Amino acid sequence: FTAKPAAAASTVTERKLDHQLNKLVTFPLSGGERMDGAVLVSFVVDIEGRLKIVDAEGTNPLLQDYVLQQLDKVDIGNNPSGTWKIERRRFVFRPEA
């Protein structure tokens with residue numbers, strides 16, 4: 001699994017976000033379902049540090065649902081600056097050979 005950030009994390013808030021994404025969005029293990037593909041998600045972080053999804057599209061509907069469920073768990077703590085620019089992340093899942 002790789003998450004491609006739109007830009008390098010430079011602020012504490014962005015580093016917290018990267019940490020949460022790496023912790024929560026891992027390669028899913030599913031009972032026989034094909035869980036590989038890519039999901040592109042656009043979101044903002046609100047003042048409470050929660051993600052608000054703007055748009056999502058993926059090559060695998062089950063994988064897209066999984067990613068959105070995991071992103072709903074992200075909480076980076078207070079974001080006193082409020083909602084920032086739209087962030088775009090591409091999550092790519094491939095089984096190890």
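Fair warning: this is a prediction, and the values are worked out from it, not measured in the lab.
- Interatomic distance, Lys73 NZ to Arg50 CZ, rounded to the nearest 0.5 Å: 11.0 Å.
- Here Thr26 contributes atom OG1 and Gln70 contributes atom CD; the two are 6.5 Å apart, rounded to the nearest 0.5 Å.
- Residues Leu17 and Phe43 approach most closely at CD2-CE1, 3.9 Å, considering heavy atoms.
- Once rounded to the nearest 0.5 Å, the distance linking CG of Asp75 with CD of Glu48 reads 9.0 Å.
- Between Asn78 and Ile47 the shortest side-chain heavy-atom distance does not fall below 4.5 Å.
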Given Val45 and Leu51, is the side chain to side chain contact (heavy atoms under 4.5 Å, CB included) satisfied, shown in steps? CA-CA 5 Å; Val45 179; Leu51 301 187; 3.5 Å; yes

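- Here the closest heavy-atom approach between residue Thr59 and residue Gly37 is recorded as OG1-CA, 3.4 Å.
- Among all heavy-atom pairs drawn from Phe93 and Val67, the shortest one is CE1-CG2, 3.7 Å.
- The main-chain N or O of Val39 is never found under 3.5 Å from a side-chain atom of Gln64 such that the two would form a donor-acceptor pair.
- Considering only heavy atoms from C-beta on, Leu21 comes within 4.5 Å of Leu71 through its side chain.
- Of all heavy-atom pairs between Ile76 and Gln20, the closest is CG2-CG, 3.8 Å.
- Separating the CZ atom in Arg89 from the CG atom in Asp18 is a distance of 4.5 Å, to the nearest 0.5 Å.
- For the atom pair CD of Glu57 and CZ of Arg90, the computed distance is 10.0 Å after rounding to the nearest 0.5 Å.
- By the rule that hydrophobic residues join a cluster once side-chain heavy atoms approach within less than 4.5 Å of another member, Leu40 and Leu68 end up as members of separate clusters.
- In this structure, CG in Leu63 is found 10.5 Å from CZ in Phe91, a value given to the nearest 0.5 Å.
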